[in-house]
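Since this is a predicted model, take the numbers as computed values, not measurements. Each chain gets a letter, A, B and so on, in the order the sequences are listed, and its residues count up from 1.
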There are 2 protein chains.
Amino acid sequence: MTRQKSLIYDIINKSSDHLTAEEVYRQAVDRMPGIVLATVYNNLNALVRDGLIIKLNLPDKNAHYDKTIPHDHMVCDRCGKIFDAFVSDKLCKDGFINTASSLSGQDIVSYELTLHCICKECQGKALN
Amino acid sequence: MTRQKSLIYDIINKSSDHLTAEEVYRQAVDRMPGIVLATVYNNLNALVRDGLIIKLNLPDKNAHYDKTIPHDHMVCDRCGKIFDAFVSDKLCKDGFINTASSLSGQDIVSYELTLHCICKECQGKALN
DNA sequence: AATAAAATTAGAATAATTCTAAAAAAGTTT
DNA sequence: AAACTTTTTTAGAATTATTCTAATTTTATT
């Protein structure tokens with residue numbers, strides 16, 4: 001664990017957002033001037049590889065990074081807002097991974113559930 | 001519907017894979033020499049916008065496109081292979097979208113479930 | 001047939017991410 | 001602690017998936 005890596009790990013874990021590499025970089029520079037974007041990418045990749053953070057595959061050209069505590073994500077198809085959801089946890093009393101493994105016959109190690117919605121804010125606005 | 005758009009629509013619907021834009025393009029050129037990559041992108045985007053095909057957000061830098069018939073996806077974390085799965089359908093007797101809407105209190109319009117596994121083939125091989 | 005609107009083409013532009021090589025830092029062995 | 005090895009960081013170039021622009025062609029409409 002270098003200083004840079006633990007800084008990046010800390011930024012992901014203290015954030016309540018779903019930061020992109022660029023957003024992590026901007027926060028990192030504040031706390032360690034001189035750190036470089038490639039270092040942020042290197043460490044994000046290493047942290048993902050080692051299972052300390054996760055990479056989200058959302059409908060956005062940028063990758064987003066998140067804590068490992070399992071939860072789902074809600075994305076508004078109109079404004080693009082991303083926020084947490086807790087749905088899959090509640091669906092299977094033996095745990096989602098166990099149930100999905102049984103149903104599929106595959107050795108499932110993790111999962112990603114993205115719920116596409118029209119968020120409350122966008123519902124309020126008229127369509128154009 | 002132009003000739004190009006219906007060609008691209010047909011390619012997606014006849015394929016059992018999860019094609020990238022580049023792969024769609026290669027198949028399109030075979031059947032309509034002279035078609036151009038930008039046209040493929042334009043039409044893929046238009047078809048997604050109009051709900052005739054869907055765009056998958058998988059752990060791959062390329063976007064993948066698929067038919068609209070709802071199902072889940074399995075991705076092998078070791079070799080990257082992508083294949084279909086049918087798990088979410090079986091979890092809620094009132095339908096996954098209805099159940100997720102109730103549980104989350106949001107107006108959910110669709111969802112994407114990606115199951116990360118170690119596929120049978122990779123299980124067979126020793127780790128390096 | 002003439003006109004208007006939309007789609008295609010060709011190629012340049014954009015931008016997220018990765019790569020390369022050199023320098024610095026961290027870890028290890030004596 | 002010095003010497004050595006390995007890993008990481010840095011700086012900037014390279015890559016590449018996707019989008020954009022402007023001109024042309026096709027399609028739809030009057």
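- Atom pair A:Y41:OH and C:dT17:C1' shows a separation of 5 Å (rounding to whole Å applied).
- In this structure, the nucleotide among C:dT9, D:dT10, D:dA17 sitting nearest to the side chain of B:I35 is C:dT9.
- Regarding B:Y65, its OH atom lies at a distance of 12 Å from the P atom of D:dA17, rounded to whole Å.
- Residue A:T2 places its side chain closer to D:dT9 than to any other of D:dA17, D:dT9, D:dT10.
- Taking atom CD of residue B:E22 and atom C1' of nucleotide D:dT15, one finds them 14 Å apart after rounding to whole Å.
- Contact annotation: A:N42 side-chain N/O to C:dT18 OP1/OP2 distance is not under 4.0 Å.
- Nearer the 5' end of DNA chain D, as judged by each residue's closest nucleotide, is the contact made by A:V36, out of B:K55 and A:V36.
- Following rounding to the nearest Å, A:N45 (CG) and D:dT9 (C1') show an atom-to-atom distance of 15 Å.
- Checking C:dA10, D:dT18, D:dG12 against every side-chain atom of B:A38, the shortest atom distance belongs to C:dA10.
- Taking the side chain as every heavy atom from C-beta outward, A:K55 and A:H64 never approach each other to under 4.5 Å.
- Between the P atom of D:dT15 and the CG atom of B:N62 lies a distance of 17 Å, rounded to the nearest Å.
- Between B:L19 atom CG and D:dT18 atom P the separation is 13 Å, expressed in whole Å.
- In this structure, of D:dT9, D:dT19, C:dA26, it is C:dA26 that holds the atom nearest to the side chain of A:R3.
- Contact annotation: A:T39 side-chain N/O to D:dT10 OP1/OP2 distance is under 4.0 Å.
- Remark: C1' of C:dT9 and CE of B:M32 are 13 Å apart, rounded to the nearest angstrom.
- Nearest-nucleotide assignment on DNA chain D puts the 5′-proximal partner with B:L37, out of B:Q4 and B:L37.
- As a whole-Å value, the separation of A:N43 CG from D:dT7 P is 15 Å.
- Salt bridge annotation for B:D107-A:K120: absent, with no cationic side-chain nitrogen under 4.0 angstrom from a carboxylate oxygen.
- Ion pairing between A:R78 and A:E121 fails under the 4.0 Å rule for side-chain N and carboxylate O.
- Heavy atoms of A:A46 sit nowhere under 4.0 angstrom from any nucleic acid atom.
- Between B:H73 and B:L115, every side-chain heavy-atom pair lies at or beyond the 4.5 Å cut-off.
- Relative to the side chain of A:K61, the nucleotides C:dA15, D:dT9, C:dC19 differ in distance, and C:dA15 lies closest.
- A:N57 is not listed as a side-chain neighbour of B:L58, based on a closest heavy-atom distance of 4.5 Å or more.
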